[in-house]
Amino acid sequence: MVNVVVRNIVAIVILFGFSMLAGAQAFRVQCPTSTSIHPTVGTGSPTGPGVAYTGPTTAIDPTTGLSYVNNGGLIKCQQVSGGDGYATMADGTQIYMFSFGPLSGLSDIANGLPGTEVATDFLKLAPDQLAPGDPLTQGLSTLAGYNGAVGLAPDPEVLSDPACSSASPPSYCATGLDGHVDPRPIMDVGVMNGNQPAPLIAIDEDDELFLTLTNVGMLMRPDLFEQHTIHFHGYPNASSFYDGVPDASVAINIGGSMTYYYLAPDAGTYFWHCHITPPEHLQMGMVGQLYVRPRQNRVPLGNSLYAALVTQQHDIRTASHCATDILCSTPVPAPGPSVSLVTHGVNKSGSATMYAYNDGDGSTAYDVEYPLQIHGFDPNFHFVGMTFNPEGFADMKDKYFLLNGRSYPDTITPGTMQTPSSDGTMHASQPLPSIINIPVGGKALLRISDLDVSEYQTLASLGIPMTVVAQNARLLRDEAGNNMAFKTNSITLGGGESIDVILDASTGYSPGQKFYLYTPNLDHLSNDAENFGGLMTEVNICNSVDPLTKACS
């Protein structure tokens, strides 16, 4: 009882300190409506292919008069919190986590979509005052379709600035939206709002991503003044300042925000995590998935994929010297009688076909995609992490084996899973199901990543063979352009690896058939002491699959 009282007193002191920060504005977000690469806001969907790619063009910035290379793409933004929370395991156990949570894209995340938004959606004020706690669990109808940044508020200093009283003021003068936030709703929503996995991030090649991390502190561990960072694992990053490794960049203290900047160069499946004491923070849950969609998705319908890829090799910004460099990430396919005849067509839903990589021959085409984050929890380590330090790193042993934060049978439960937390409110803890629905005659892309700290993980598919098209965000193709993709019934990943797999149901399958994606490691088919769970989900063959909701019909 004494510990609870002390913990609550310390939490109140920390939260009071946050309220004192309102004037100092330690919390901020950043999402510009124009940059030197994207002088205008542009239009597009955060979940769609975006602006058509027909090759690099040179344009003139009307403000500076300087020329720049335009490859398409958009400005996209996301805000996440660094703190703590709880997740519910399939046997009913509630596990404490250090975790990231969503502070933008709330509606999309609730629907299993990435929380990455175009600038025009990110810079929208909340339609109503957010109640304390997680708004997605409170039935707030006003939040339907709302994906703006939590806490975004007009800056009173801008609105009262005499320089903004001219006849044609800049847009931020009219709205006052310059990154200023109200810390109260950020704390109300962000505290105990951790997700497992961390909020999904998805961008297109040539997008500029502004990703704001706001450290809201850990309510259950107010004695820990934990810093947090964002590290994009395996992601080609030109600046160590935004790499998230604290000894080479910076770390974000409690009560502060930092906006990371990335210019998306290479398609692929990556992941992101906190890089503060990684064995601890990764085991405790600070891991998420990131994927970059290829430019090939933006090739106009009917155009040659081969010609588009050849054009990319001469792109001024992203040319990788593929004619001489064996490390070229997108070699053109080996010559053949039909390679140059492949054009961008439509998929089973009637929309433009999507691709996993810039393949030039359509070999990575798919109809639906599913991000699958493999992870494991050691309940003893998490219990110690909730109560006192240090944890027993040498004795770390996973007992829960997770796909998108869930063990079977929760992996096939549709919608967002919720968990009651110590603050007395329900929180959306595991928003991303992992049931796989494939339209008959179609293909599903599985973007699989593993950030397990203590185990290798294996996934097997019986009945629908896997075609492995890429590993660690690199297309399987040799320097001569020969396709090195291979078929298999199982794949094995260690912590820090990713793999892209296509399940092909194009021939020999009928609606209503059910298969399983599971681990053949029998001790991983359990939920701690409970058998018949763990690392497993279902694969359904459907008449059709909604490309956004992934619902089967």
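Please read these numbers as outputs of a predicted model, since none were measured by experiment.
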inquiry  = Could you check whether any side-chain heavy atom of Ile499 comes within less than 4.5 Å of a side-chain heavy atom of Leu493, counting everything from C-beta outward?
reply    = yes

ask   = Under 3.5 Å, is there a donor-acceptor pair linking the side chains of Thr519 and Thr458?
value = no

ask   = Counting only heavy atoms not in Phe393, do more than 12 fall under 6.0 Å of its CZ?
value = yes

task = Taking atom types as modelled, find out whether His344 and Gln296 have a side-chain donor-acceptor pair closer than 3.5 angstrom.
result = no

task = Decide whether Ser544 and Ser553 meet the rule of one side-chain donor and one side-chain acceptor closer than 3.5 Å.
result = yes

message = Which residue in the set Ser104, Cys31, Pro199 passes side chain to side chain contact (heavy atoms under 4.5 Å, CB included) when paired with Gln79?
response = Ser104

inquiry  = With a 4.5 Å cut-off on side-chain heavy atoms, are Phe486 and Val469 touching?
reply    = no

ask   = When the ring planes of His231 and His273 are compared, do they come out parallel, tilted or perpendicular, using 30° and 60° as the limits?
value = perpendicular

Non-hydrogen atoms of Ala90 and Ser407 that approach each other most closely = CB-O, 3.7 Å

ask   = Have Gln94 and Thr88 got a donor and an acceptor in their side chains that come within less than 3.5 Å?
value = no

SB check Glu369 Arg447 (cutoff 4.0 Å) = yes

inquiry  = Taking the six-membered ring of Tyr370 as reference, does the cationic atom of Lys550 (NZ for Lys, CZ for Arg) lie under 6.0 Å from its centre and within 45° of its axis?
reply    = yes

inquiry  = Quiz question: by atom type and distance under 3.5 Å, do the side chains of Asn347 and Thr353 form a donor-acceptor pair?
reply    = no

ask   = For Gln283 and Asp398, does a side-chain donor sit closer than 3.5 Å to a side-chain acceptor?
value = yes

inquiry  = With a 4.5 Å cut-off on side-chain heavy atoms, are Asp204 and Arg298 touching?
reply    = yes

message = Can you see whether Tyr270 engages Gln289 through a side-chain donor-acceptor pair at a distance of less than 3.5 angstrom?
response = no

ask   = Is it the case that Asp359 and Thr364 place a side-chain donor and acceptor less than 3.5 Å from each other?
value = yes

message = So Met386 and Tyr86, do their side chains get closer than 4.5 Å, heavy atoms only?
response = yes

ask   = Does the side chain of Tyr146 pick up a donor-acceptor pair with the side chain of Asp121 at under 3.5 Å?
value = no

ask   = Counting N and O atoms only, with roles assigned by atom type, does the side chain of Asn358 sit under 3.5 Å from a partner on the main chain of Arg295, one being a donor and the other an acceptor?
value = yes

key: Any donor-acceptor N or O pair under 3.5 Å, side chains Tyr518, Thr537   = no

